[in-house]
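To find a chain, count down the sequence lines: A is the first, B the second, and so on, and within it residues start at 1. It should be emphasised that the depicted structure is a prediction, and the values quoted were computed from it without experimental measurement.
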Amino acid sequence: MKSSAEMISPEALPMAQSSQQAMNKEKTDRYQAGKSASFGRYLWPLLALTLLLLVNLFIDSSFFHLTYQDDRLYGSLIDILNRSAPVALLAIGMSLVIATGGIDLSVGAVMAIVGAVCANLLLIPDISLVTVILAGLIVGLAAGSINGALVSFLGIQPIVATLLLMVAGRGVAQLINQGQIITFQHEGFAAIGVGQFLGLPMPIWIVVGMLLLSQLLLRKTALGLFIEAVGCNAKASRYLGINDKSIKIFAYAIAGLCAALAGMISTADIQGSDANNIGLWLELDAILAVVIGGAALTGGRFSLVLSIIGALIIQTLATTIIVSGLPAKFNLLIKAIVILSVLLLQSEKFRRQLSGLFKLGIFNNAKAGDKK
Amino acid sequence: MMAQRFIPLWITASLLLVMFLIGSAQFEGFASIRVVTNLFRDNAFLLITALGMTLVIISGGIDLSVGSVIALSGVLTSVLITEYHWHPLQAFALVLPLGTLFGAMMGTIIHVYKLQPFIVTLAGMFLARGMATTISEESIAIDHPFYDAIADLSIALPGSGSLDISSLIFILFFIIIATVMHYSRFGTNVYALGGNAQSAELMGVSIAKTTISIYALSSFLATLAGIVFTFYTFSGYALGAVGVELDAIAAVVIGGTLLTGGRGFVLGTVLGVFLMGVIQTYITFDGTLSSWWTKIVIGLLLFFFIVLQKLLNGRKPSHG
Amino acid sequence: MSLILELNNISKHYPGVKALEEVSLRLCSGEVHALLGENGAGKSTLVKVMTGAQSKDSGDIVFLGEKQHFCTPIEAQKVGISTVYQEVNLLPNLSVAQNLFLGHEPKRFGLIHFNKMYTDARSVLTQFKLDIDVTAPLSQYSIAVQQLIAIARGVAMSAKVLVLDEPTASLDADEVQVLFGILNQLKQKGVAIVFITHFLDQVYQISDRITVLRNGRFIGEYLTSELPQTQLIEAMLGRSLQAQLVDKKSDDNAVKATTAVLLSLESVSVKGSIQAMTLTVPKGQAVGLAGLLGSGRSEVCNAVFGLDLLESGSIHLAGKKLHLSQPVDAIHAGIALCPEDRKVDGIIGPLSIRENIILALQASVGWWRCLSKARQEEIAQFFIDKLQIATPDADKPIEQLSGGNQQKVILARWLAIEPILLVLDEPTRGIDIGAHAEIIKLIRSLCDDGMSLLVASSELDELVAFSNKVVVMRDRYAVRELTGLELTSQHVMQAIAEG
């Protein structure tokens, strides 16, 4: 869809200078192309996901197979959904932060802190599950708010501001754990990670719940629009009465909250808090998910659904590598190649070069045809 | 009036001195040549990497790929030596240019496609790590007479301290990089780019050449650090040197370099690494303090320096 | 005097804006050539095209008889065109000497020869009567000193053509005289100097010839000695409007003049921009602010909207004293501003027309009570129809609209919250001439509906056409207030020229 717009504009340009009409036409064309591009926004990530799934199906014909056992669905698709839950949650928060033009490197460390807090609270006998979960969420919110305050009140670059917590956060988590791996026995809490509800693993429900809640909060109020406005043009937003600082803090706070949920899932999953390894490098996966979902790192429009599709693509890719029998060591390499391609495709110049190559190809083929 | 730009440098130096004095007062054997040379020896690879990171950050960029490049360089070197029976020097002669090329490619992508250094070097980080694990997931021990010879090679200093080859390599490159940064046109261009890329371009600085060279140089130094790391561990490991990029960035910031670019000193970064090293040594000497305090203290130090930079810059008359 | 640089029929378009249309400039060696025009006339764009910082869409650049295509500033510098850009385009983090010699550092043994560089730097700066520490970072010095250093850099490059874009904006009178002394020396050496400024007295003092641009078009080339100042101002500000628009002056002017005061500024001063400004805007009237660039007209708008903090004085709205520390305060009081730089401060580019229209309303209702999609569409459609915004539908991103339509969307944004006072800063800048008339008509109808307006504009004919009163500013002060029969563009121009 995008490339057609690129192909129209170079021819249309000289005409546009000669007559106003042509210019209007070109604008309309561009606009129409832009309209279909917003459709294409969903098209490409979905296409990529479908393609990946089909590859899996091709390799393993029982890939889509689902079985129902012990009140629960089993199957590769469920696995993918379940395993992508932490990154999907992080991606929801990261989408908002990136939409404001920021970035949050600390979410992995926040996961570790929340995991440590919850695990240690669970050691207290007879503590209620609600208290533990609330404590975890509050810690996440607080961590996110600190990031937000550093960015909007102290005016520190987002990368740097969140780097602080990324470095110190794991230290804090280890401090809480006193350097140990804290394990716990608590069925209620463990259910967050390994439980099930209506036949689906609990993490899937948590992602769905968070997605619905955020969508409601962002799209049924004006917050989503304000976030996009601030991300597109913070100065103009301030000029029309939007409190851009609060909006930014809100985005980072939500990112912290999402990290808290992801941290609880991962902690519950292994029934223990491993401050060194929980959520390690997941911030990068979350950023990647948002970027694959088509969001620009410079801020602006966001789509939570697309970011979650991005997270699913990352997880499916990992699964594909396992299913295809390729050693897991290729995982990183393939991931890197995917990131690079996505990045380059986002660059207008690269697309132009690509479509130029494409046109050249057609041209050469046509010439070859003439000679025949 | 003392030049404002030296203030962070002085603060880092004083902190380093204070930390060292506290350690010396508290523990016997802390104030020894040996402790100092060990700082060099243990941190040589980080020091070399941080030299490159300083350049990148002064230019207003960031390089997240260095940790992975260290691992890749180590793995490639050890595979060439142990499996293909190359002489280590031959291996170095291949690995170093390859590493440099890797950085040059990242620089090219950043410049040509106007992509953020953060995300491009993040991709580079995955790519280098991926290539390293593809080559070998196991730790590969290097057993070569050349390595034994290198291990024995050192300059003895009084007080049972000695500067090994890694420390010497660092010192050599520190001198080279410091000279380049402060006495060459390229160095001035790096500062210019970090000050204001647009102005620099209008004043005739070639942005393309400078950007590509900066990232090439950073990767070259990381590759070299990877080789130095094999001197230290006698092995190459694809999953090693994880998070070195964060240590390097932290050292650069603690060393007083402005993360937004344009201002900073290579010497500051070296002091920053030493400050982090002394804190580590202090914690080791103490024995009761746990290792996580290092991370927390470094986080606090980072915060302190970032706020300090903000305050220092808030005062300058700014316009346009 | 021989022709050294010719620009023929240069055109340059940005999305939604025609920055230059068939503009020409002829430059002879050994002359100071003033390039004049209001903000947005295209001077800076022309300079950027001339020096390779931006590419042109069409037209030729002929330098010393040869056609040139500069792609980068370096190429232009190599053939001998050196430029000092409007904003001080130096590197604040480098030392003064490094700034002077970046790219041309003296070397010894392959390394920069700092001692020689410092000596050279000192000797260059002596010409400018600057005795400063050349080893200190540039950011330590005032903007005026930085400006002189930027000019010194241009001079030190020993160029054939030296382009100075607003070189005197932050210099005091003595510094200007030093600069002119140096320019005269350069002239004698045969250097051609392009001099862009908004200080007309300086134009008459130093320049030999003048080229005037307006709205991206070439207006004329004149000999300075043969062009009286009023004619020059007329050329710059233009008399572009059709007679029907100019002939407004409904007889109810006098009646309206007695209505209550809505906004009053009492000896308002803002650091570095306006001094002891007193001004009243009556209810339901439009008050115009006239003056040349830098006279303080935009700054008054900013102060009323809470963008610049007051140093002294007070602002009252409907009898109540306002405490403005940020735009939100002004909006709550009922004041809206259409900013001068539409692209940077006004539009939120990637968002749709609908969203751009409802954002201010939404911000004032708060984030919790979201306007329903249907309500949004209703509001957007209402204003699209009312203001005749040319668009297929309300979901088009605003950045794809033309300048005039963007301006209408921003007007709609504010009209949607029904402000008491609407402040317009250059409402017709960078807009097609056809759209000018529409905007003017709109402003007049708003007044008729009882809204009060404060409008700063460089288009005198338009200002006179819709204003009930025009306040003329010069050098940060209000110098004249014109109403009734006195309110003609001729009088305004005189007031600008004579004070």
With a cut-off of 6.0 Å (strictly less than), are more than 12 heavy atoms of other residues, nucleotides or ligands near CZ of A:R83? no
More than 12 heavy atoms of other residues, nucleotides or ligands under 6.0 Å from CD of B:E138: yes or no? no
About how many Å separate CD of A:Q174 and OG1 of B:T294, when rounded to the nearest 0.5 Å? 9.0 Å
Closest contact, heavy atoms only, A:F330 versus B:T134: CE2-CG2, 3.0 Å
Any chance you could measure B:F126, atom CZ, to A:L284, atom CG, to the nearest 0.5 Å? 5.0 Å
Using heavy-atom distances under 4.5 Å, tell me whether B:L259 contacts chain A through its side chain, its backbone, both, or neither. both
Rounded to the nearest 0.5 angstrom, the CG-CD1 distance for A:L175 and B:I296 is 4.5 Å
A:Q353, part contacting chain B, at a heavy-atom distance under 4.5 Å: side chain
Structural part of B:S136 lying under 4.5 Å from a heavy atom of chain A: neither
If you count heavy-atom pairs under 4.5 Å between each of B:V120, B:I109, B:V112 and chain A, which one has the most? B:V112
Is it the side chain or the backbone of B:I306 that comes within 4.5 Å of chain A heavy atoms, both, or neither? side chain
Going from CH2 on B:W292 to CZ on A:R170, what distance comes out if it is rounded to the nearest 0.5 angstrom? 15.0 Å
Around atom NZ of A:K349, are there more than 12 heavy atoms of other residues, nucleotides or ligands at under 6.0 Å? no
Check the pair A:L163 / B:L246 against side chain to side chain contact (heavy atoms under 4.5 Å, CB included), numbers first and verdict last. CA-CA 8 Å; A:L163 179 75; B:L246 291 186; 3.4 Å; yes
Residue part contacting chain A, namely of B:L115, when any heavy atom lies under 4.5 Å: side chain
The interface call for A:I287 against chain B, heavy-atom contacts under 4.5 Å, is side chain
What are the two closest non-hydrogen atoms of A:A336 and B:A123, and how far apart are they? CB-O, 3.9 Å
Let me know if A:L165 has heavy atoms under 4.5 Å from chain B in its side chain, its backbone, both or neither. neither
Quick one, A:W281 with B:R129, criterion side chain to side chain contact (heavy atoms under 4.5 Å, CB included). Give me CA distance, side-chain angles, the key distance, then yes/no. CA-CA 13 Å; A:W281 308 123; B:R129 188 73 69 180; over 6 Å; no
At a heavy-atom separation under 4.5 Å, does A:I334 approach chain B through its side chain, its backbone, both, or neither? neither
Measure distances from B:L300 to the heavy atoms of chain A and classify the residue's part below 4.5 Å as side chain, backbone, both or neither. neither
Would you mind checking which part of B:L64 comes under 4.5 Å of any heavy atom in chain A, side chain (CB onward), backbone (N, CA, C, O), both or neither? neither
Region of A:N177 in contact with chain B, defined by heavy-atom distances below 4.5 Å: neither
Quick one: CD1 on A:I156 to OG1 on B:T260, what's the gap to the nearest 0.5 Å? 11.0 Å
How long is the straight-line distance from CG of A:L297 back to CD of B:Q116, given to the nearest 0.5 Å? 5.0 Å
Give, as side chain, backbone, both or neither, the part of B:V253 having an atom under 4.5 angstrom from any heavy atom of chain A. neither
